[in-house]
A.B. asks: 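Quick one: this structure, given as structure tokens, is what I'll be asking you about.
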Amino acid sequence: MTDETSADDDALRWDGDDDPTLRATPRKAPAPRKVAAPVSEPAGDEAEPVAGSGNVALVAYGVLGGIYALWTAGWVLGAMRLRERIEGATGAVADFMFLGSMVLAIVTPAVWFVTAVLGTRGKRPWQRFLWLGLGVLLLVPWPFMMVGVVGQ
């Protein structure tokens, strides 16, 4: 190219790659170190490694935990709508027993999830999934499913 090129054009060219100051010197490989021979242990003392949860199991725990969180939210919304429906239809104020059962219904999905996870610790994963799946089926927020959020 000619001398009329600008500095911007110089940045886009490959000129100057043959400059000897830019050449990398090859490194020498380090000398191998001497490693002591491993000490052999008796065969009876070998402990089997504990198998952790696989990726699929962890994702399934997250999905089931999300379902339980949705069930908790469903019980909150359904119980509030059911309370409003009872008070509107009968004119009665929700009593202490209704409020107590509402609170228990709201915390039950979280308690079931924690109990199933901690109660099946050290057991096979299918047993944990069985208890978690059973909880998903048993703890469906029926007031939310039947009344809904709009309360029709």
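In this text the structure is predicted, and so the values were computed from the model without any measurement. Starting from 1, each residue takes its place in the sequence as its number.
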A.B. asks: Looking only at heavy atoms, which two atoms of V111 and T115 are closest? And how far apart?
C.D. replies: O-OG1, 2.7 Å

A.B. asks: Going hydrophobic residue to hydrophobic residue with side-chain gaps under 4.5 angstrom, can you get from F129 over to V63?
C.D. replies: yes

A.B. asks: Where do L139 and P109 come nearest, in terms of heavy atoms and distance?
C.D. replies: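 Looks like CD1-CA, 3.8 Å.
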
A.B. asks: Linking Ile, Leu, Val, Met, Phe, Trp and Tyr through side-chain heavy atoms less than 4.5 Å apart, which residues share a cluster with L118?
C.D. replies: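 Answer for L118: V114.
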
A.B. asks: With ILVMFWY side chains joined below 4.5 Å, transitively, what does W126's cluster contain besides itself?
C.D. replies: L130

A.B. asks: Partners of T108 by side chain to side chain donor-acceptor pair (under 3.5 Å), sequence neighbours excluded?
C.D. replies: none

A.B. asks: Give a yes or no on whether the backbone of W131 and the side-chain of W112 come within a donor-acceptor separation of less than 3.5 Å.
C.D. replies: yes

A.B. asks: Quick check on the hydrophobic clustering: are V140 and L138 connected, directly or via other members, by side-chain heavy-atom contacts under 4.5 Å?
C.D. replies: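 Yes.
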
A.B. asks: Of all heavy-atom pairs between P141 and G74, which one has the smallest distance, and what is that distance?
C.D. replies: CB-C, 3.7 Å

A.B. asks: Quick one: side chains of residues 64-71, donor-acceptor pairs under 3.5 Å with protein atoms, not counting sequence neighbours, listed by atom name and distance.
C.D. replies:
unit_1	atom_1	unit_2	atom_2	d
Y68	OH	L132	O	2.6
Y68	OH	V136	N	3.3
W71	NE1	V136	O	3.0

A.B. asks: What are the two closest non-hydrogen atoms of Y61 and P125, and how far apart are they?
C.D. replies: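 In this case the closest contact between Y61 and P125 is OH-CB, 4.4 Å.
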
A.B. asks: List the residues meeting side-chain contact (heavy atoms from CB on, under 4.5 Å) with A79, not counting sequence neighbours, and say none if there are none.
C.D. replies: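 Listed in chain order: M102.
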
A.B. asks: Is there a path of hydrophobic side-chain contacts, each under 4.5 Å between heavy atoms of I, L, V, M, F, W or Y residues, that connects L99 with V76?
C.D. replies: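 Linked, L99 and V76 end up in one cluster.
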
A.B. asks: Hydrophobic clustering (ILVMFWY, side-chain heavy atoms < 4.5 Å, transitive) - are L134 and F113 grouped together?
C.D. replies: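 Looking at the clustering, L134 is in the same group as F113.
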
